[in-house]
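Take a look at the structure below.
Sequence lines set the chain letters: A, B, ... in the order given, protein chains first and strands last, and positions in each chain run from 1. Note: hydrogens, waters and symmetry copies are ignored here, and every other heavy atom, side chains too, is used.
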Amino acid sequence: MIQITLKDGNRIQVESGKTILDIARGISEGLARVAVAGEVNGVVKDLFTPVTEDCNLNILTFDSEGGRHTYWHTASHIMAQAVKRLYPGVKLAIGPAIDSGFYYDFDSEKPFTPEDMQAIEEEMRRIIKEDLGVERFTLPRDEALELVKDEPYKVELINELPEDSEISFYKQGEFTDLCAGPHLPSTGKVKAFKLMQLAGAYWRGSEKNKMLQRIYGTAFPKKSHLDEYLHRLEEAKKRDHRKLGRELDLYDIYEEGPGFPFFLPKGMVLRNFLEDYWRREHEKRGYQEIKTPIMLTKELWYRSGHWDNYKDNMYSVEIDDAEFAVKPMNCPGGILVFKRKLHSYRDLPQRMGELGLVHRHELSGALHGLMRVRCFTQDDAHIFMTPDQIKDEVIGVIKLIDEFYKTFGFKHHVELSTRPEKSIGSDELWEKSTTALSEALQDQGIEYKLNEGDGAFYGPKIDFHLEDSIGRTWQCGTIQLDMNMPERFDLNYIGPDGEKHRPVMIHRVVFGSIERFIAILTEHFAGAFPVWLSPVQAKILTIVEKHIPYAEEVKRRLEEKGIRVELDGRNEKIGFKIREAQLEKVPYMLVLGDKEAEAGHVAVRSRKEGDMGSMPLDEFIEKILSEINSKAL
RNA sequence: GCCACCAUGGCUCAGCUGGUAGAGCAGCGCAUUCGUAAUGCGCGGGUCAAGGGUUCGAGUCCCUUUGGUGGCUCCA
């Protein structure tokens, strides 16, 4: 007998050699039915794994991440099996579970068509119906290689496994795949699934390799869960900033400027208030503001290292006989400003902000609404400082970013990126900079993900990622520590010893790109922005024409207080005007008729809560102003 | 840039196996003066993304280009 400690701390005795599924059944039939995998001492295992020694055991269902991944992984194998049955010549690459389902990469002579997808789905249904048992086995390397000799990608994978690693396979019916597992005990366990999309993907994610065909899918234990998931995706699409931006007349992108967005009057209101907020908050924190040119000579970009490391993304032009490049970053301009004068250590840190418009030639396939564009405004700042000021300055920026995101109610996650292949500077400087950043993060008790080799070419960085409506994350804020540019541009300051010293610089953005931030903002609020940012904060709706004079009076009173207000005095029914204002997502509608005109009242309707009844105009003004001033969400 | 898919009036979309463009919303006009999510009637609007080809005939088939969508790569 062995002793099993369950998740709730209970201990049970079972016969050695019982499988996880057996143990689950011993606990309850219901649990056994929904069990998809087991976590033994923290490692996710197949349900059919025999347990032979004392351990902690957690029975996983689809509701846990480990359970879901097991479920999806098996779904992915079922898909691969279906593809193999229908197209025996297709070679298999890899097929993991991901956050929202699974995919499998195939190397196929002929690209898959939507009709093929249907055929694959049908075959998958058949495999599920066959309810094939899944078995796991391991092989020594030479036998493993022999088994997969017709699958070149699998051969490559096996050859790259470390010497001592166990090479495991999973077999269901006639289909066997190299796989670490775990898996469901049989194909019949997969209930509702759907193949979602077809995409190209490079083998091992490198554009130097062959492009494979990737099929994405998802699966759920119940049809209703799948339907719910698909419904959620539909709902999320309604919040797409590209759709809302056009509908609400905020911004748009035309064919005439791929990747170059236009901001419309209402979008500009939003944008200007964001920038005002930004300026005020930066001023409070000792930042100065500058504006540097969009184009500078190529010489400068050679010196900064941008030309060598970033030229694929840069636009350049010839003016007279000189060559210029359009700035893809603001730093060289900022550096020239710093260099204008000799600096004392007493003047440091120097924090210099710039809302700088940069242009980057992004690959056409990468463009995505306002999220990924070819020109955008960075809410940039460069901080020049002494080495012993690094930590405080980095922490200051972390706090600033945190406060900004809180203002909008955004949740975010943090990543630390280290030295990339293409980069400048010595290992020592990189080491020092990277350590400084991770220390600042630890000091603030911030959890972060390490992103090896993903830093800027001049230094490591801390990135802040925000989510869009369908859960994709986008980098917004970033803090980059740079000891290289000061070297290249021979920046210096005079220390207390009267000697020249090399300053360190931080490149940082809070919004990241104003455009991208506005896109996230649009999706986050589904276009219903907080009052302080709403392009129109209140809309006055008259019942009939004779109320227009009072309406104009109300409008003037609101405008005097700086409230952005519109008047709808059209000869339309009130229901119609309300409907329009609601669709425009105006926070407050003021309905004005006889009663209001006589009493000097306004009948307030909020887009969130509906009819709020009549109140004196002054009371409404007070209410909306307090919401605006507190930046209420 | 690569892979797949898509492109019809301002917007959302019909248009079967090729036979000379259709709806709703929006817009405009007229009537209606009406209290919390669509008043009625009428009118105008499309070289079917662009270019080329097949055909007696192409929105529908083929090729090229442009733009978009979802991925891959890359990135704020």
Side-chain angles (χ1 to χ4, degrees), chain A residues 103 105 108 111-114 116-117 196-216 237 240 242-243 246-247 252-259 310 312-313 328-329 356 358 360-380 417 420 454 456 461 463-466 470 472 474-478 480 507 509-517 519-520 541-547 570-583 589-596 603-607 610-614:
Chain A
Y103 68 79
D105 285 346
S108 166
F112 294 123
T113 63
D116 293 331
M117 299 265 280
M196 302 297 290
Q197 52 201 348
L198 205 50
Y202 300 108
W203 168 237
R204 317 212 108 180
S206 167
E207 60 200 320
K208 295 185 190 90
N209 292 335
K210 183 165 183 183
M211 180 157 281
L212 308 172
Q213 310 250 348
R214 174 172 296 178
I215 302 177
Y216 284 91
K237 272 190 203 152
D240 191 308
R242 293 166 296 194
K243 183 177 155 63
R246 203 172 305 122
E247 281 174 4
D252 206 352
I253 299 182
Y254 306 122
E255 205 170 308
E256 286 82 351
Y310 210 74
D312 292 346
N313 287 294
M329 299 188 194
V358 298
R360 299 182 182 177
H361 179 87
E362 298 293 344
L363 295 177
S364 59
L367 302 179
H368 180 91
L370 290 194
M371 300 274 196
R372 192 73 187 277
V373 288
R374 283 180 170 155
C375 76
F376 56 98
T377 306
Q378 289 185 306
D379 63 314
D380 218 340
S417 300
D454 221 24
K461 57 178 186 168
D463 292 329
F464 296 75
H465 295 251
L466 295 173
I470 59 172
R472 286 176 296 209
W474 298 85
Q475 186 188 316
C476 290
T478 173
Q480 316 182 339
H507 311 237
V509 289
V510 180
F511 292 137
S513 124
I514 308 266
E515 290 75 2
R516 178 178 286 182
F517 197 83
I520 302 254
L541 313 176
T542 51
I543 301 284
V544 294
E545 255 169 78
K546 68 176 176 191
H547 303 121
R570 289 175 304 168
N571 176 18
E572 292 289 350
K573 291 174 107 167
I574 195 67
F576 179 83
K577 296 190 194 180
I578 287 173
R579 179 183 158 78
E580 274 198 358
Q582 187 76 35
L583 293 175
M589 292 156 248
L590 303 178
V591 178
L592 304 187
D594 287 339
K595 283 179 276 178
E596 289 73 24
V604 181
R605 185 189 168 92
S606 122
R607 72 181 164 201
D611 194 350
M612 297 175 75
S614 181

Mind checking who [N] pairs with, Watson-Crick or G-U wobble, both distances under 3.5 Å?
| N | answer |
| --- | --- |
| B:C30 | B:G40 |
| B:U47 | none |
| B:C72 | B:G1 |
| B:G10 | B:C25 |
| B:C56 | B:G19 |

- Message: Whether the side chain of A:Tyr254 and the base of B:G68 hold a donor-acceptor pair under 3.5 Å is what I'd like checked.
- Response: no
- Query: Ignoring hydrogens and angles, are the base of B:G35 and the side chain of A:Glu596 linked by a donor-acceptor pair under 3.5 Å?
  - Reply: yes
Look at [X] and [N] and indicate whether a side-chain polar atom (N or O) is within less than 4.0 Å of OP1 or OP2.
| X | N | answer |
| --- | --- | --- |
| A:Tyr216 | B:C72 | yes |
| A:His547 | B:U33 | no |
| A:Arg374 | B:C75 | no |
| A:Ser364 | B:G1 | yes |
| A:Lys243 | B:C11 | no |
| A:Arg472 | B:G71 | yes |
| A:Arg372 | B:G71 | no |
| A:Gln582 | B:A37 | no |

Heavy-atom closest pair, residues [X] and [Y]:
| X | Y | answer |
| --- | --- | --- |
| A:Glu362 | A:Arg372 | OE1-NH2, 2.6 Å |
| A:Leu466 | A:Cys476 | CD1-SG, 3.6 Å |
| A:Arg374 | A:His361 | NH2-CE1, 3.9 Å |

Starting from [atom2] on [N], measure out to [atom1] on [X] and report it in whole angstrom.
| X | N | atom1 | atom2 | result |
| --- | --- | --- | --- | --- |
| A:Glu572 | B:A37 | CD | P | 15 Å |
| A:Glu362 | B:C2 | CD | P | 16 Å |
| A:Ile215 | B:C3 | CD1 | P | 17 Å |
| A:Asn571 | B:G35 | CG | P | 12 Å |
| A:Glu255 | B:G68 | CD | P | 8 Å |
| A:Arg214 | B:C2 | CZ | P | 18 Å |
| A:His368 | B:G71 | NE2 | P | 8 Å |
| A:Met371 | B:C74 | CE | C1' | 17 Å |

Measuring only the [atom1] atom in each nucleotide, how far is [N] from [M]? A whole number of Å is fine.
| N | M | atom1 | value |
| --- | --- | --- | --- |
| B:A26 | B:C43 | C1' | 14 Å |
| B:C48 | B:G9 | P | 10 Å |
| B:A37 | B:C30 | C1' | 26 Å |
| B:U39 | B:G71 | P | 40 Å |
| B:C16 | B:A7 | P | 12 Å |
| B:C61 | B:C6 | P | 10 Å |
| B:C75 | B:A4 | C1' | 23 Å |
| B:G51 | B:U66 | C1' | 10 Å |

- Task: Compare the ring of A:Phe376 with the six-membered ring in the base of B:A76 and state whether they stack (centres under 5.5 Å, planes under 30°).
- Result: yes
- Message: Counting only side-chain heavy atoms from C-beta out, which of B:U69, B:A38, B:A76 sits nearest to A:Ser513?
- Response: B:A76
[X] side-chain N/O to [Y] backbone N/O, donor-acceptor pair under 3.5 Å:
| X | Y | result |
| --- | --- | --- |
| A:Ser108 | A:Pro111 | no |
| A:Gln213 | A:Phe112 | yes |
| A:Lys210 | A:Trp203 | no |
| A:Asp379 | A:Phe511 | yes |

- If you pin A:Phe511 and A:Leu198 to their nearest nucleotides in RNA chain B, which one's is more 5'? A:Leu198
